Amino acid sequence: MNQMPDKFNDLKTIQYDKSNHIATVTLNRPDKLNAFSATMHDEFFAVLTDLVNDSDIRCVLLTGAGRGFCAGQDLGERKSGEKMDLGDKLENGYNKNLRLLKSIQAPVVCAVNGVAAGAGANIALNCDIVVAKKSAKFIQSFSNIGLIPDCNGTWVLPKLIGLAKAKAIAMLGTPVMAEEAVSWGMIYRAIDDETFTQEVGNLIETLANRPTRALSFIKNIFDESYSNRFGEHLDRERDVQRVCGLSDDFAEGVAAFNEKRKPVFKGH
Ligand code: LHQ
C-alpha cells in the first residue's frame with residue numbers, strides 16, 4: 001500500500017510522504033520562502049507524475065516548509081537586467097506541472113502556511129480546497145516585476161473573486177490576508193495559526209475516507225461547467241451520476257444510511 005519509489009529518497013527541494021492513502025507534498029526551500037528553483041520544478045514534476053499514476057492515494061496535501069508557502073519563481077536564478085522568453089519557461093515548467101496537478105484524481109488540499117506570492121499564490125488557487133493560516137497572505141506580485149499573473153491566475157481569479165477585484169489585485173500587487181480571501185471567495189477557510197496543523201490533519205483525514213471516485217468526478221465536473229452549455233452540462237451530470245450509481249461506494253452509502261451506521265467508503 002502506497003509504495004514510495006526509491007527515486008524519491010534524494011529529493012532536495014520537496015518533502016514527499018505517502019501513508020494511509022494520504023500523500024503530503026511539502027515545498028522545502030524555507031530560506032527562500034520555498035521559491036521555485038529549476039531543481040524544484042523538476043522534482044515537483046516527478047512527484048506529481050507519481051501522484052497521477054497512484055490510484056491508491058485518496059487525498060493529497062500540498063503545503064510549505066517554514067514561515068512561507070511559496071514566493072513563486074526564484075528570482076535569484078535570473079541575472080539582473082536580463083530579458084528572456086518566459087513563454088518557454090512557463091511551457092516547460094509551471095504549465096507542465098499545473099496540467100499534472102489538475103490530472104490528479106484524488107482531491108488536492110492546499111494548506112497555505114504563510115505568504116503565497118506570484119506563481120506560489122496561483123498554484124495554491126488551482127488546488128481543489130484551499131485553507132490558510134490567518135497570518136498568511138496572497139500576493140499577485142507579478143506586476144511588481146512587469147509580468148501578468150500566470151499559472152492560470154487570469155483564469156481562476158475572476159471566477160473565484162470576480163473581475164473587479166481580480167484586476168485590481170493583479171494590477172496593484174496588493175496583499176490579501178487569509179480572512180479577506182475567505183470573504184472574497186478566493187479560498188475555503190482561514191484557520192487560527194495555533195490550530196492549523198491539527199485542523200488540516202482532520203480535513204485530509206476526512207477527505208481520505210470519503211468516496212474518492214465521486215470526489216474525483218466532482219473536481220472535474222465543476223471545472224467543465226465553465227465551458228459547457230446548460231443542456232450539455234445536464235447530460236454530463238446524467239452520465240457521471242450513472243457511473244457513480246454503479247459504484248461500490250454508492251451501494252455502501254445507501255446501505256449505511258438505511259442501517260443507521262457510518263459508511264465505510266473504499267474509494268471504488
Ligand atoms: C526569494 C523570493 C523569490 C528568490 C523571497 N526568489 N528568493 C516568473 C518568472 C519566470 C517564469 C514565469 O513565471 C514567473 C512567475 C512568478 O512567480 S513572478 C513572481 C515572483 N515572485 C515575487 O516577485 C515575490 C518576491 N518576494 C517578495 O515579494 C517577498 O519576499 C515576499 C512578499 C514573498 C515575502 O516578504 P518577506 O516576508 O518580507 O520576506 P523576504 O522578502 O525577507 O524574503 C525572505 C528570503 O526569501 C529573502 O532571502 P534572504 O537571503 O535575503 O533572507 C528573499 O530574498 C527570499 N525570497 N522571495 N521569489
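Start at 1 and go down the list; that is how both ligands and their atoms are numbered. Owing to the predicted nature of the structure, the values given are computational and were not obtained by experimental measurement.
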Val131 and Leu203, any side-chain heavy atoms less than 4.5 Å apart: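 Yes; the side chains approach each other to less than 4.5 Å.
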
Among all protein heavy atoms in this structure, tell me which lies nearest to [atom], with the distance rounded to 0.1 Å.
atom                    : value
atom 4 (C) of ligand 1  : Asp74 OD1, 3.2 Å
atom 30 (O) of ligand 1 : Leu33 CD1, 4.0 Å
atom 57 (N) of ligand 1 : Ala71 CB, 3.2 Å
atom 58 (N) of ligand 1 : Gln73 O, 2.8 Å
atom 32 (C) of ligand 1 : Ile139 CD1, 3.6 Å
atom 15 (C) of ligand 1 : Asp150 OD2, 3.4 Å
atom 22 (C) of ligand 1 : Ser141 OG, 3.5 Å
atom 11 (C) of ligand 1 : Leu86 CD2, 3.9 Å

Less than 4.0 Å between a side-chain N and a carboxylate O, is that true for [Y] and [X]?
X      : Y      : value
Glu180 : Lys137 : no
Lys134 : Asp192 : yes
Lys219 : Glu224 : no
Arg238 : Asp235 : yes
Asp50  : Lys7   : no

Parallel, tilted or perpendicular: which one describes the rings of Trp155 and Tyr226, with boundaries at 30° and 60°?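 Aromatic pair Trp155/Tyr226 classed perpendicular.
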
Glu77 touching ligand 1 at heavy-atom level, < 4.0 angstrom: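 Contact check Glu77 vs ligand 1: negative.
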
Quick check on Ile145 - does any of its heavy atoms sit under 4.0 Å from an atom of ligand 1?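 Distance cut 4.0 Å: Ile145 passes for ligand 1.
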
Ser135 OG to Ile191 CD1 distance, which is reported to the nearest 0.5 Å: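 If I round to the nearest 0.5 Å, the distance is 11.5 Å.
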
For atom 50 (O) of ligand 1, is there a protein heavy atom at a distance under 4.0 Å?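 There is a protein heavy atom less than 4.0 Å from atom 50 (O) of ligand 1.
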
Is the shortest distance from atom 43 (O) of ligand 1 to a protein heavy atom below 4.0 Å?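 Given the 4.0 Å cut-off, atom 43 (O) of ligand 1 counts as touching protein heavy atoms.
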
Looking at Gly72, which atoms of ligand 1 are within less than 4.0 Å of one of its heavy atoms?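 Numbered from 1, ligand 1 contributes 17 (O).
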
Check the side chains of His268 and Glu252 for a donor-acceptor pair under 3.5 angstrom, ignoring hydrogens and angles.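 No, because no side-chain N or O of Glu252 sits under 3.5 Å from a partner of the opposite role on His268.
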
Determine whether the side chain, the backbone, both or neither of Phe36 has a heavy atom under 4.0 Å from any heavy atom of ligand 1.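 The answer is neither.
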
Of the choices Lys137, Lys32, Arg29, Arg67, which has the non-hydrogen atom that lies closest to atom 56 (N) of ligand 1?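 The nearest heavy atom belongs to Lys32.
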
Only heavy atoms count here, so choose which of Leu75, Ile123, Asn34 is nearest to atom 23 (O) of ligand 1.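 Comparing heavy atoms across Leu75, Ile123, Asn34, the nearest one to atom 23 (O) of ligand 1 lies in Leu75.
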
